[in-house]
Amino acid sequence: MAIVLNQDHRFEEVVPPFEPSEAMDEALRCYYCYDAPCIKACPTGINIPVFIRQIANHDVKAAARTIMDANILGATCARICPTEALCEGGCVRKEDSRPVSIGRLQRVAMDHAMTSDYLPLPDIGVHGQGRVAVVGAGPAGLGAATALTRMGYVVEVFEEKPEGGGLDTYGIVSYREPLSVSLWEVDLVHKLGTTFHFGTRIGRDIEWEGLRAQFDAVIIAVGLGRVPKMGILGEDLAGVWDALDLVEATKTMALDDIDIGRQVAVIGAGNTAVDAATCAKRLGAEEVTIVYRRDQTAMSAYQYEYEFAKQDGVSYKWWTVPVQVLGNHRVQGLRCARTQVVAGADKNSREADLQLLPGSEFVLPVDTVIRAIGQTKPSALWDEIGAETRNHRVVVDDETFSTSLSGVYAIGDCLGRGGEATVVAAVADGKKVAWAVHQQLTRTNERSV
Amino acid sequence: MADLSIDFAGIKSPNPFWLASGPLTNTGYQVSKAFDEGWGGAVWKTIGDPVINVSARLASIDYGGRRMMGLNNIELISDRPLDDNLREIAEVKRRFPHHAVIVSMMFESNPQIWAEMVKRVQDTGADGIELNFGCPHGMSERGMGSIIGQVPEYAQTITRYAADGSSLPVIVKLTPNVTDVRPPGKAAIQGGADALSLINTINSVMGVDIDSWMPIPQIDGRGSHGGYCGPAVKPIALHMLSSLYNDRAVRVPLCGIGGIETWRDAVEFLLLGAGAVQVCTAAMHYGFRIINDLTQGLNDYLDQRGIAQVNQIVGKAAMRVGDWNDLRLSYSYQLVANIHADQCIGCNLCYVACEDGAHQCIDRIPGQKAPVVREADCVGCNLCSLVCPVPDCIEMVPVEHAVSETWRQRQERLTSFS
Ligand SMILES: Cc1cc2nc3c(=O)[nH]c(=O)nc-3n(C[C@H](O)[C@H](O)[C@H](O)COP(=O)(O)OP(=O)(O)OC[C@H]3O[C@@H](n4cnc5c(N)ncnc54)[C@H](O)[C@@H]3O)c2cc1C
Ligand SMILES: Cc1cc2nc3c(=O)[nH]c(=O)nc-3n(C[C@H](O)[C@H](O)[C@H](O)COP(=O)(O)O)c2cc1C
Ligand code: SF4
Ligand code: SF4
Ligand code: SF4
């Protein structure tokens, strides 16, 4: 279904909420499948047919409860989940019509919850005893904290930033998810009974060892780092941005104070690149070009992200790599070269080896360069705490997320699993690790009795 | 082009579609407009001693996002002066000599009043009379309407009052608020009815507002039982129609009413024995314009089958509806559900329906989208094919067994042995 985007205010949410009548029409399209494929396609297993039926039966509050019971970040997920690849991709109605708009219906329920009184969640019938520390208040940490708090554990979350929410708060552009949504969710977890320590970086303000000594279990949910350097000359010049810093600036600063320049190059073609590019456009840049060393078939951005960038007037330069940022004090241009896959390699593969085309260099006349080539992995952290790693990734048990250190677990983006990381997968990790921690602590408690 | 015209108990009409007596046929303005738009006939809003109505008068039950699956009303008969009604009837008839104008009547049980009123209706030039023995609210409490239709003796007597002095065909409109519609129907025929029409509305309480705890509709805090009609009542009407049509003692034409919204609904009524049909709720919902779908659809249907005249399909399916005891038993004739895996979208609705609501014979196969029917255990109830959202995805395949036997035949066979 083509959605008419709200483009009146450049940093306000572009996808409009369903009108009540649209919501009812859409809810009635759901077949209320049994053991529904959409549920299986949702990493947090939200009972989708049930919440949609609750909307259709005029009990939106119950719908919100159903969603939050499975996914405490239901309001964020309703907005930023790649639904085509998840729940809506599993919906049976894609075969006989078009999928039910599960994400937007979820938003109907969650918007209702956000404007209503605090809604208690159902008792999950588990009464755990113990103290658990969660490091990082991003989606993974919030997912774990919620589940453990509901199980009866004393949960304390340590977060370096002044607010919780992780990338939901600092990394998702506000025209896709308003800041207030993420902050409301953090508050919800707080109301459930979780304690938060903001502005507290573990490893700086509190030692990891100290934390392990104070708590029965420690869950590491620190996410990934900033965007790595490109390793080319001139990238420390003023006017070169880390894409995450740019997005964060649009959420924490006055927009007029951000100097975005007039011509912008964005390096990389994933979803972060799209976000940075559209941010730049919306901040007033005249020309924004995404520079990518492969082409459209290999880019990792979702189709709707790609469409969105094009709608915003972002242009693409395929088969191009930056080789040097030009300028004296500030960026004055970006020297680029053309690429091609080595002989015999598959052009469409993201893995194929590339080579530079000799003599193909040219200069893009830009005054801003934004790096959006992924995020650094926290490999130093694993070495610091002494957790076993493989290829710089921490080794965890597939089921329990336990690291090689006893009582220490790791979840979410910080695992560096590759592929497109999502908020919903991070929340699902949090739920799973909570059960693992519960099982571990129950066993320990039984032994000590 | 098929010939859609009918001659129903001597009443001629360019097509079999009449507006039923009700708010659509309250005035000359409306009936003229309806005829201009293509309706073949109209049964005038029941005339009688003018009544005083209440407000509100209607309530509806909605389903799955569609409005007015069922409609309920507590409106009484015409609240307009008799003279106005009769004058307008005469005017309409003068303007539309070839359309059918039938006057619905309801008066107290007094032969003189009936004789006089029938005479006055005749003088308008109307084509027929319909006796309203069906209104289930208000009038029934005053000794008229469904109270007459529910007691065969009364039905016979009042029909006699009207028929004796009438040169016009008399149609008796029956109430469905009876356990068996045949006795009042036959009584009306004995009283002199030239035709029967059915059904009038079904007694109902429409609902309760769960916030205010008020009945729906409410008239300053009180509600009442009222007449139910619209698409939801069609199966009830079809049953009553076919039971009369199949009764050998009923030899008069039948006019089908109740839940007709599309030409397809109308065809079903015709096939079960209706020589004409009447429509109320659907035209109240969408306006007179639905007549285009009705006439064109019926015409195309007949053309497609090479049927020249609409009366050729009347009753053609009726003889197939009858006593349960004449149905072949399941050891004799059986259906087995067959899921066409290539059409299945994987909703598992058939699975849960059969598991919880039928005979636990649909299996889910790990790794496979389409469930599978364990044929040996399937009783052929149809449930799965009804819940499946994909048309024709679940086919009910007949399995012939060597024996052919109904319950009645079985009983005969068993008794002949002893
Ligand atoms: C630009 C961008 C756009 C995205 N868009 C989408 C999208 O549209 N849909 C989607 O599903 N996903 C999207 N993602 C991915 C999604 O944001 C992540 O997968 C998700 O946030 C991972 O959650 P997390 O809790 O593991 O990590 P984070 O969200 O990174 O949270 C980690 C938290 O830990 C804190 N922390 C780190 N170290 C310490 C420490 N030592 N002590 C205390 N606190 C610490 C950090 O400050 C942070 O708050 C996007 C990501 C980016 C970068
Ligand atoms: C508001 C309303 C008023 C009605 N008034 C009369 C009436 O005065 N006389 C009558 O015989 N039937 C009356 N009926 C019943 C209809 O003529 C018809 O029998 C019934 O509605 C079933 O047909 P339907 O399902 O097409 O509506 C009325 C129905 C409605 C909805
Ligand atoms: S798969 Fe689609 S139709 Fe079925 S329950 Fe889920 S949303 Fe509804
Ligand atoms: S026809 Fe009835 S018994 Fe047979 S599979 Fe379908 S639901 Fe089950
Ligand atoms: S109800 Fe129909 S579509 Fe659904 S699983 Fe059964 S056969 Fe498939």
Side-chain angles (χ1 to χ4, degrees), chain A residues 1 18-42 45-63 83-102 104-105 108 112 116, chain B residues 60-69 207-214 216 231 337 339-374 383-395:
Chain A
M1 189 175 43
F18 267 145
E19 294 295 330
S21 58
E22 287 178 298
M24 192 53 72
D25 284 353
E26 198 57 22
L28 289 169
R29 293 186 60 243
C30 171
Y31 285 152
Y32 195 49
C33 299
Y34 179 79
D35 198 6
C38 57
I39 304 179
K40 292 192 204 118
C42 168
I46 295 176
N47 198 332
I48 293 162
V50 164
F51 97 69
I52 293 181
R53 199 175 182 80
Q54 286 165 327
I55 291 176
N57 291 342
H58 306 273
D59 197 356
V60 186
K61 183 172 156 173
T83 50
E84 288 90 334
L86 299 172
C87 53
E88 291 172 19
C91 174
V92 302
R93 298 233 51 189
K94 74 173 186 290
E95 312 221 9
D96 72 344
S97 161
R98 56 175 174 79
V100 174
S101 297
I102 301 169
R104 292 185 78 195
L105 284 171
V108 169
H112 176 85
S116 317
Chain B
S60 85
I61 177 163
D62 306 333
Y63 190 76
R66 296 280 302 266
R67 303 285 273 165
M68 269 169 62
M69 175 191 79
V208 178
D209 182 318
I210 60 167
D211 295 318
S212 64
W213 297 7
M214 290 289 175
I216 300 172
I339 297 174
H340 291 294
D342 55 329
Q343 293 176 43
C344 171
I345 60 174
C347 67
N348 291 320
L349 287 170
C350 60
Y351 165 78
V352 73
C354 185
E355 192 66 15
D356 294 356
H359 299 266
Q360 301 80 45
C361 56
I362 297 184
D363 296 324
R364 296 179 61 199
I365 314 287
Q368 180 181 314
K369 190 195 286 182
V372 173
V373 177
R374 229 170 32 255
L383 181 64
C384 55
S385 70
L386 300 178
V387 301
C388 179
V390 183
D392 305 326
C393 171
I394 302 186
E395 186 184 356

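Order of the sequence lines sets the chain letters (A, B, ...), proteins ahead of strands, with each chain counted from 1.
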Chain A/chain B interface donor-acceptor pairs under 3.5 Å:
{"residue": "A/Tyr34", "atom": "N", "partner": "B/Cys347", "partner atom": "O", "Å": "3.0"}
{"residue": "A/Tyr34", "atom": "O", "partner": "B/Asn348", "partner atom": "ND2", "Å": "3.1"}
{"residue": "A/Asp35", "atom": "OD2", "partner": "B/Arg364", "partner atom": "NH1", "Å": "2.7"}
{"residue": "A/Asp35", "atom": "OD2", "partner": "B/Arg364", "partner atom": "NH2", "Å": "3.0"}
{"residue": "A/Glu95", "atom": "OE1", "partner": "B/Lys369", "partner atom": "NZ", "Å": "3.2"}
{"residue": "A/Glu95", "atom": "OE2", "partner": "B/Lys369", "partner atom": "NZ", "Å": "2.5"}

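Proximity to chain A is absent for every atom of B/Cys350, based on heavy atoms less than 4.5 angstrom apart.
Listed here is the closest heavy atom pair of B/Gly346 and A/Pro37: O-CG, 3.6 Å.
Among the candidates B/Leu349, B/Val390, B/Ile345, the single residue satisfying the side-chain contact (heavy atoms from CB on, under 4.5 Å) test with A/Val92 is B/Ile345.
Other residues, nucleotides and ligands contribute only 12 or fewer heavy atoms inside 6.0 Å of the CD1 atom of B/Ile210.
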